[in-house]
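Have a look at the structure below, then the notes.
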Amino acid sequence: MRKKDLDNLNVIKTKFDNNIPDIPPSLAENRIKYKILLNTQHRTIPFKPVLNYKPIISAAACFVLILCAVFAVNWYSLNADKVTTFGSYDELNSRITALDKCPPGEYGGHGGPAKTVHQKRDANVEFPAAIKTDGEYIYFADYDTETNINRNKIYICKLENGSNGFVALIDHLAPDMVDEYDDSYEIRDLFVYNNRLAIIMNKYNPMSADKYKRDFNAAVIKIYDITDKSNPFLITEYEQSGEYFESRMIENTLFVSTNYEVATDDTEYTVPRIYQDGESLILSLKDIACFDNVKASQYAVLTSIDVESGNQAENTKAFLGGSPKIYCTKDYIYINEYVEGERFGDPEHDVASAMKINLQNNKISFASAEEIDAYANVKIELGKGTSYAYDIYPIGENYLCIGDDLNTFQNEIILYDKALNVLDSFNFEDMSIMSNLGDFAFDAQRGVCAFAVYKPDEIKRNYGIITVAINDNKITVTNEFMYDGYNPVGCLITSDSVIEVFVDYTKPDDDRIEFKINKY
């Protein structure tokens with residue numbers, strides 16, 4: 001190379017070296033590290049060679065203009081199944097800031113009459129309960145209201161009639177509440193799958209929520225190995241943002257739904273969190289969807305856990321503007337939009353929008369109008385007025401209504417057809433259903449029900465079980481089992497028996513549980 005050419009090359013190199021552009025903020029080291037941790041997927045713009053066909057380009061341009069005119073009013077119809085997500089956490093936080101904040105813990109209890117078919121079940125989906133059995137052992141989740149210490153316990157007993165069958169106790173499931181700013185824990189539900197026991201608790205602290213203006217509710221999920229029933233041990237523990245609301249089990253997969261209310265603009269608390277064994281697992285943006293008409297800063301949060309391995313089955317999902325009420329089939333989970341008034345049990349209007357998760361490929365999309373009508377808008381009005389509270393349960397081609405007349409304080413069972421014509425009814429008259437204990441056992445496949453009931457006399461209440469069969473559009477009381485003694489905490493149905501469980505808190509733990517097994 002000639003010296004002159006080398007000098008020219010050095011001049012060009014010097015100009016390049018002296019004019020190195022600044023690194024854009026999006027490529028800064030800390031931003032790249034943050035995006036890697038959050039598993040952020042970058043947009044890619046594919047390069048396509050330019051086609052030099054002017055007539056084709058002109059025609060395409062005209063076609064685009066026509067499309068723009070057609071869809072200018074409703075562009076969204078081009079992609080009706082695509083849910084709204086967020087391009088960045090900054091974008092998500094900006095949306096949260098613009099929404100109405102939720103006072104902490106406002107979801108709370110639901111008042112007024114129940115008007116929804118809330119027991120519409122898929123045969124492949126298991127519902128939670130405080131009492132479960134595998135046919136050989138019984139598992140009972142107890143929240144001890146008699147003490148402030150070690151309140152949450154699991155009793156494992158062998159089903160032996162005439163004996164309490166005590167096998168093991170799982171206690172100290174949560175820290176005790178020492179002062180007003182400590183968290184309180186309440187055991188709610190459990191599931192049993194093979195040699196796994198899943199326990200779900202609600203963690204809350206209204207004092208802290210009010211003090212710090214943020215939600216302090218969380219669902220705590222513990223998975224135990226119960227291969228040796230006498231020596232269960234903890235496999236893993238999860239904590240999920242929001243108040244525990246519902247759970248379901250499909251084979252070995254546990255689904256837990258919570259309601260996370262964002263009460264602050266502090267970005268540390270605007271995105272729900274999931275922890276496994278104390279380690280924070282950050283929700284990816286691709287797993288956060290947003291309803292189009294969202295007004296309040298609340299999420300429905302859904303976690304799925306493989307109870308056999310103890311690991312998440314799929315990433316935790318969060319739905320901004322969603323309701324924690326879920327409907328689950330073996331193929332889909334449906335999440336409704338939150339409807340104003342829902343917190344108090346009386347929504348102002350029907351659900352207009354819902355999303356669904358395809359459990360086969362983990363994809364989120366909008367539910368169709370037919371699906372919304374089938375799974376969300378299933379209110380049934382009986383025309384009995386606001387002083388009549390009732391729950392509706394599908395049973396075959398009919399509906400079973402369990403009613404409570406708030407004026408007469410009487411319970412009744414009514415069998416309706418799908419046109420709400422009364423087929424048969426039964427009035428409990430001298431007894432009452434203990435409906436608040438979750439002790440209504442129901443086997444829709446066989447048309448068998450069991451109700452924990454009590455009969456008052458001049459001295460005390462007598463407790464027991466009424467079993468009912470529903471066949472040929474008739475309600476038949478098949479058995480009445482009454483006992484002297486303390487209150488029952490629940491009952492359940494097996495293939496040939498109904499089991500009622502009692503707790504005597506005056507006795508030590510290994511002698512506290514008693515159950516009655518009755519053939520029906």
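Residues: numbered from 1 along the sequence shown. Note: hydrogens, waters and symmetry copies are ignored here, and every other heavy atom, side chains too, is used.
For the pair Asn398 and Lys418, the tightest heavy-atom approach, listed with the atom from each and the gap, is O-CE, 4.0 Å. Across all their heavy atoms, Ile326 and Glu246 have their closest contact at N-OE1, 2.7 Å. Nearest heavy-atom pair across Val503 and Phe140 is CG2-CE2, 3.4 Å. Here the shortest heavy-atom pairing between Ile392 and Cys401 reads CD1-CB, 3.7 Å. The shortest heavy-atom contact between Lys132 and Glu126 is NZ-OE2, 2.8 Å. Minimum interatomic distance between Ala300 and Ile335 (heavy atoms only, all atoms of both residues): CB-CG2, 4.0 Å.
In this structure, Lys153 does not pair ionically with Asp142, as no charged nitrogen and carboxylate oxygen lie closer than 4.0 Å.
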Begin with the C-alpha distance, continue with both residues' side-chain angles, and end with the deciding distance and a verdict on side chain to side chain contact (heavy atoms under 4.5 Å, CB included) for Tyr185 and Arg151. CA-CA 8 Å; Tyr185 294 79; Arg151 308 185 76 169; over 6 Å; no

Verdict with supporting geometry, Tyr155 and Asp509, side chain to side chain donor-acceptor pair (under 3.5 Å): CA-CA 9 Å; Tyr155 293 89; Asp509 284 325; 2.9 Å; yes

Would Arg512 and Asp144 count as a salt bridge (Lys or Arg N to Asp or Glu O under 4.0 Å) if you check the C-alpha gap in whole Å, the side-chain angles of each, and the deciding distance to 0.1 Å? CA-CA 12 Å; Arg512 179 171 289 184; Asp144 189 348; 3.5 Å; yes

Let me see the working for Asn259 and Gln298 under side chain to side chain donor-acceptor pair (under 3.5 Å), right down to the final yes or no. CA-CA 7 Å; Asn259 180 72; Gln298 76 170 48; 3.3 Å; yes

Under the side chain to side chain donor-acceptor pair (under 3.5 Å) criterion, do Asn205 and Ser184 qualify, and how do the steps go? CA-CA 6 Å; Asn205 190 326; Ser184 180; over 6 Å; no

Run the side chain to side chain donor-acceptor pair (under 3.5 Å) test on Tyr388 and Glu412 for me, step by step, so that the C-alpha distance in whole Å, both residues' side-chain angles and the decisive distance to 0.1 Å come before the verdict. CA-CA 11 Å; Tyr388 190 86; Glu412 62 181 344; 2.6 Å; yes

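Checked against side chain to side chain donor-acceptor pair (under 3.5 Å), Asp171 has the following partners two or more places apart in sequence or in another chain: Asn150. With sequence neighbours left out, Arg196 forms a salt bridge (charged side-chain N to carboxylate O under 4.0 Å, His left out) with Asp225. The side chain to side chain contact (heavy atoms under 4.5 Å, CB included) check on Glu186 picks up Tyr143, Arg188, Tyr204, with sequence neighbours excluded. Applying the salt bridge (charged side-chain N to carboxylate O under 4.0 Å, His left out) criterion to Glu337, with sequence neighbours excluded, gives no partner residue. Residues satisfying the side chain to side chain contact (heavy atoms under 4.5 Å, CB included) test with Leu420, not counting sequence neighbours, are Ile380, Leu382, Tyr399, Tyr416. Taking Glu239 as the reference, Lys203, Ala218, Val220, Tyr275 meet the side chain to side chain contact (heavy atoms under 4.5 Å, CB included) condition, with sequence neighbours excluded.
Donor-acceptor pairing under 3.5 Å is lacking for the side chains of Asn411 and Tyr390. A donor-acceptor contact closer than 3.5 angstrom is absent between the side chains of Ser304 and Gln312. Between the side chains of Thr270 and Asn93, a donor-acceptor pair is found at a separation under 3.5 Å. Under 3.5 Å, the side chains of Asp189 and Tyr244 contain a donor-acceptor pair of N or O atoms. Side-chain N/O atoms of Asp277 and Tyr238 include no donor and acceptor closer than 3.5 Å. Between the side chains of Tyr334 and Glu371, at least one donor N or O lies within less than 3.5 Å of an accepting N or O. Donor-acceptor pairing under 3.5 Å is lacking for the side chains of Asn311 and Asp306. Side-chain N/O atoms of Thr329 and Asn124 include no donor and acceptor closer than 3.5 Å. Checked by atom type, the side-chain pair Thr303/Gln240 shows a donor-acceptor distance below 3.5 Å.
Side chains of Glu308 and Asn194 form a contact here, defined as non-hydrogen atoms less than 4.5 Å apart. Leu173 places a side-chain heavy atom less than 4.5 Å from the side chain of Met201. Side chains of Tyr260 and Tyr269 form a contact here, defined as non-hydrogen atoms less than 4.5 Å apart. Looking at heavy atoms from C-beta onward, Val83 lies out of side-chain contact with Phe291 at the 4.5 angstrom threshold. When side chains are defined from C-beta on, Leu320 counts as touching Ile96, because their heavy atoms get closer than 4.5 Å. Side-chain contact check for Phe191 versus Ser247: some heavy-atom pair is nearer than 4.5 Å. Contact annotation: the side chain of Asn358 never approaches that of Asp331 to less than 4.5 Å [non-hydrogen atoms, C-beta and beyond]. The shortest distance between side-chain heavy atoms of Leu359 and Phe255 falls below 4.5 Å.
Looking at Ser257, its side chain does come within 3.5 Å of a backbone N or O of Pro324 through a donor-acceptor pair. The closest donor-acceptor contact from the side chain of Lys317 to the backbone of Asn315 lies under 3.5 Å. One N or O on the side chain of Asp182 and one on the backbone of Asp179 form a donor-acceptor pair closer than 3.5 Å. Looking only at distances, no side-chain donor or acceptor of Asp176 sits under 3.5 Å from a matching main-chain atom of Val178.
Cation-pi geometry between Arg248 and Phe127 is satisfied (NZ or CZ under 6.0 Å from the ring centre, within 45° of the ring normal).
With Glu314 as the partner, the side-chain hydrogen bond (donor to acceptor under 3.5 Å, both in side chains) test is satisfied by one option alone out of Asn361, Asn362, Thr253: Asn362.
In this structure, OG in Ser323 is found 16.0 Å from OH in Tyr299, a value given to the nearest 0.5 Å. The CD1 atom of Ile274 sits 7.5 Å away from atom OG of Ser241, with the distance rounded to the nearest 0.5 Å. Rounding to the nearest 0.5 Å gives a distance of 4.0 Å between CD1 of Ile333 and SG of Cys328. Interatomic distance, Asn252 CG to Ser309 OG, rounded to the nearest 0.5 Å: 8.0 Å. To the nearest 0.5 Å, the span separating CD1 on Ile305 from OG1 on Thr236 amounts to 7.5 Å. One finds the CG atom of Leu197 at 10.5 Å from the CG atom of Asp134 (value rounded to the nearest 0.5 Å).
By the neighbour-count criterion of 12 heavy atoms within 6.0 Å, atom CG of Asn293 is sparsely surrounded, having that number or fewer from other residues, nucleotides or ligands. Atom CD of Gln360 has more than 12 neighbouring heavy atoms from other residues, nucleotides or ligands inside a 6.0 Å radius. Around CD of Glu251, the count of heavy atoms belonging to other residues, nucleotides or ligands within 6.0 Å does not exceed 12.
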